Novice: 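I am attaching a structure below and will ask some questions about it afterwards.
Excluded from the calculations below are hydrogen atoms, water molecules and symmetry mates; all remaining heavy atoms, backbone and side chain alike, are included. All of these numbers come straight from a predicted model, not from anything done at the bench.
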Amino acid sequence: MTEKQSENKNPQETQDQSNREWKSSAFTTYFGTTERAAELYRALEQTEDVGPEDISFATLQGVLFMVRKNDMAFTVGKKILVIGEHQSTINRNMPLRSAIYYGRTMERLVPSRDIYKTGRIPIPTPEFFVFYNGQVPRPVEEILRLSDSYLEKTDAPMLELQVKVININLSAGHPILQRSRSMYEYSWFVQKIRELQKPGVSRDEAIRQAIKISLDAGIMVDFIKEHGSEVENMLFTEFNVDDALEVRYEEGMEKGLEKGMEKGEHTKLIQQVLRKLEKGKLPAEIAEDLDEDAAMIQQICQAAGQCGSEPNVEQIYQMITQ
């Protein structure tokens with residue numbers, strides 16, 4: 001990026017990109033070694049035939065990709081391409097984002113001139129994962145499909161992409177926590193931070209205490225010692241972004257209440273949002289179409305997603321106003 005481009009860049013956009021860069025950096029850095037990536041893949045596929053020497057990272061990096069930078073991508077023996085994301089909220093657009101990540105990644109893996117050759121180009125088989133550790137209860141495992149966003153539904157879409165969402169919270173008890181010591185330790189560490197906050201300890205202090213407790217318990221010791229204070233910085237920023245998102249939702253609700261929105265008006269808005277979700281609209285598009293606060297529309301969409309395949313207007317209303 002040139003200096004002139006940097007000067008013209010929207011400050012809020014720059015901040016949002018900076019937050020996205022940091023958001024999962026602790027997770028990304030932790031699993032950014034060939035040893036842990038190999039262990040993770042063995043846990044995902046229940047195989048013992050993969051070692052560090054089989055892993056080659058292909059994670060998108062750099063300024064040009066910052067907006068769409070993914071958390072993790074690596075090939076396994078040049079035969080499998082794993083694209084993974086770590087999230088504390090469920091994003092229904094992950095199949096679309098994964099499709100974009102996949103296209104960008106393949107542009108790097110396959111020479112541009114080769115795609116015009118008539119002979120078939122062998123490419124690694126792609127696999128897509130989301131590792132979820134948010135506080136909202138979710139299934140132990142679920143599948144998100146790109147076709148769910150299509151405006152026109154067909155029984156056999158020509159293009160499909162499935163993302164496996166794995167709940168890595170200790171309380172979920174997913175088998176991957178038993179098969180991957182690294183994943184177990186990471187989830188244990190995040191849970192310890194949350195537990196320390198409950199008595200009224202500040203989040204920053206909880207992170208510091210969790211790091212000390214982890215070292216005493218033998219959890220993530222090599223990672224913490226290797227990265228030192230950088231681990232604190234990663235986690236401070238990561239959790240502060242989560243707080244900022246919660247504040248945005250609350251501010252959106254307050255703005256709605258200031259406009260005098262009673263239950264009937266809320267219900268009408270929820271119905272409008274649900275109709276647009278059925279048409280495959282994204283939250284940002286819905287907010288623009290309805291000329292409503294983006295944070296409130298996002299909260300309604302998230303509540304609808306938590307209701308399953310048949311969102312209930314009254315249930316959503318209770319969720320966003322409690």
Side-chain angles (χ1 to χ4, degrees), residues 23-24 26-59 70-77 79-92 94-95 97-98 101-102 124-146 148 160-195 210 213-214 217-224 238 305-306 308-309:
K23 176 66 177 70
S24 296
F27 180 92
T28 304
T29 305
Y30 184 57
F31 285 98
T33 67
T34 54
E35 291 78 11
R36 292 196 186 96
E39 180 199 83
L40 176 59
Y41 186 76
R42 291 196 298 269
L44 290 169
E45 300 300 326
Q46 300 186 57
T47 179
E48 296 298 328
D49 299 331
V50 173
E53 67 280 2
D54 299 310
I55 302 298
S56 297
F57 285 100
T59 308
N70 59 323
D71 290 336
M72 174 192 299
F74 57 84
T75 57
V76 183
K79 296 181 179 179
I80 304 292
L81 171 63
V82 176
I83 294 180
E85 285 286 298
H86 165 242
Q87 294 191 327
S88 59
T89 58
I90 291 296
N91 187 328
R92 295 289 170 182
M94 278 313 305
R97 284 172 52 181
S98 295
Y101 297 153
Y102 178 69
T125 303
E127 298 179 359
F128 305 93
F129 299 92
V130 166
F131 303 100
Y132 170 78
N133 72 335
Q135 299 189 66
V136 176
R138 299 295 307 179
V140 175
E141 190 172 295
E142 55 190 310
I143 298 294
L144 301 181
R145 294 177 173 82
L146 181 63
D148 291 338
E160 183 62 285
L161 188 152
Q162 297 185 16
V163 178
K164 180 179 290 188
V165 181
I166 296 176
N167 189 336
I168 61 172
N169 284 299
L170 296 187
S171 58
H174 193 284
I176 195 174
L177 298 172
Q178 297 178 345
R179 297 195 291 259
S180 169
R181 179 66 186 180
S182 296
M183 185 64 78
Y184 170 82
E185 291 192 2
Y186 179 83
S187 299
W188 186 97
F189 181 63
V190 171
Q191 179 174 296
K192 183 58 64 177
I193 294 174
R194 291 172 178 163
E195 289 175 352
I213 293 172
S214 295
I219 299 293
M220 295 178 65
V221 173
D222 293 342
F223 176 73
I224 294 173
E238 177 176 340
Q306 294 167 21
S309 58

Novice: Under the side-chain hydrogen bond (donor to acceptor under 3.5 Å, both in side chains) definition, can you give me all pairs with a residue in residues 169-181, not counting sequence neighbours?
Specialist: E39-S180, E141-H174, N167-N169, N169-R194, R181-E185

Novice: Determine whether S187 and L177 make a side-chain contact, defined as any pair of heavy atoms from C-beta on separated by less than 4.5 Å.
Specialist: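 Yes, their side chains come closer than 4.5 Å.
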
Novice: Are the side chains of Y186 and F131 in touch, meaning some heavy atoms are under 4.5 Å apart?
Specialist: no

Novice: Mind listing the closest non-hydrogen atom pair of A37 and F57 along with its distance?
Specialist: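 It is CB-CZ, 3.9 Å.
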
Novice: If you measure from CD on Q191 to CD on Q135, what distance do you get to the nearest 0.5 Å?
Specialist: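 One gets 10.0 Å once the value is rounded to the nearest 0.5 Å.
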
Novice: Check whether any side-chain heavy atom of M72 sits under 4.5 Å from a side-chain heavy atom of L40, and report yes or no.
Specialist: yes

Novice: Which heavy atom of I224 sits nearest a heavy atom of S214, and at what distance?
Specialist: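 Reported closest heavy-atom pair: CD1-CB, 4.0 Å.
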
Novice: Find the distance between CD1 (I176) and OH (Y184) and round it off to the nearest 0.5 Å.
Specialist: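 Rounded to the nearest 0.5 Å, the CD1-OH separation comes out at 14.5 Å.
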
Novice: Apply ring pair (Phe, Tyr, Trp, His ring centres under 6.0 Å) to F31 and list each qualifying residue two or more places apart in sequence or on a separate chain.
Specialist: F27

Novice: Calculate, to the nearest 0.5 Å, the distance between atoms CG and CZ belonging to L161 and R97 respectively.
Specialist: 13.0 Å

Novice: Please identify which of these residues, T28, V130, T59, meets the side chain to side chain contact (heavy atoms under 4.5 Å, CB included) condition with D71.
Specialist: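 For D71, the side chain to side chain contact (heavy atoms under 4.5 Å, CB included) test succeeds with only one of T28, V130, T59, which is T28.
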
Novice: From I168 CD1 over to Y132 OH, what is the distance, rounded to the nearest 0.5 angstrom?
Specialist: 10.5 Å

Novice: Quick one: pull up OG in S98 and CD in E85 and give me the separation to the nearest 0.5 Å.
Specialist: 6.5 Å

Novice: For R138, give me all partners under side chain to side chain donor-acceptor pair (under 3.5 Å), at least two apart in sequence or on another chain.
Specialist: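 Applying side chain to side chain donor-acceptor pair (under 3.5 Å) to R138 gives E142.
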
Novice: Exactly one of V163, V165, I83, V82 should register a side chain to side chain contact (heavy atoms under 4.5 Å, CB included) with F129. Which one does?
Specialist: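 For F129, the side chain to side chain contact (heavy atoms under 4.5 Å, CB included) test succeeds with only one of V163, V165, I83, V82, which is V82.
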
Novice: Q162: which residues meet the side chain to side chain donor-acceptor pair (under 3.5 Å) condition with it, sequence neighbours left out?
Specialist: none

Novice: Please tell me if the side chains of F128 and L144 come closer than 4.5 Å, counting only heavy atoms from C-beta onward.
Specialist: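 Side-chain contact under 4.5 Å: no.
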
Novice: Measure across P126 and Y102 and return the closest heavy-atom pair with its distance rounded to 0.1 Å.
Specialist: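 Reported closest heavy-atom pair: CB-CE1, 3.7 Å.
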
Novice: Indicate yes or no: at least one non-hydrogen side-chain atom of I213 is less than 4.5 angstrom from one of F189.
Specialist: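 I213 vs F189: side chains apart.
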
Novice: F223: what forms a ring pair (Phe, Tyr, Trp, His ring centres under 6.0 Å) with it, not counting sequence neighbours?
Specialist: Y30, H227

Novice: When the side chains of residues 42-55 are checked against the rest of the protein, which donor-acceptor pairs come out under 3.5 Å, sequence neighbours left out?
Specialist:
{"residue": "R42", "atom": "NH1", "partner": "V50", "partner atom": "O", "Å": "2.8"}
{"residue": "T47", "atom": "OG1", "partner": "D49", "partner atom": "N", "Å": "3.2"}
{"residue": "D54", "atom": "OD2", "partner": "G51", "partner atom": "N", "Å": "2.8"}

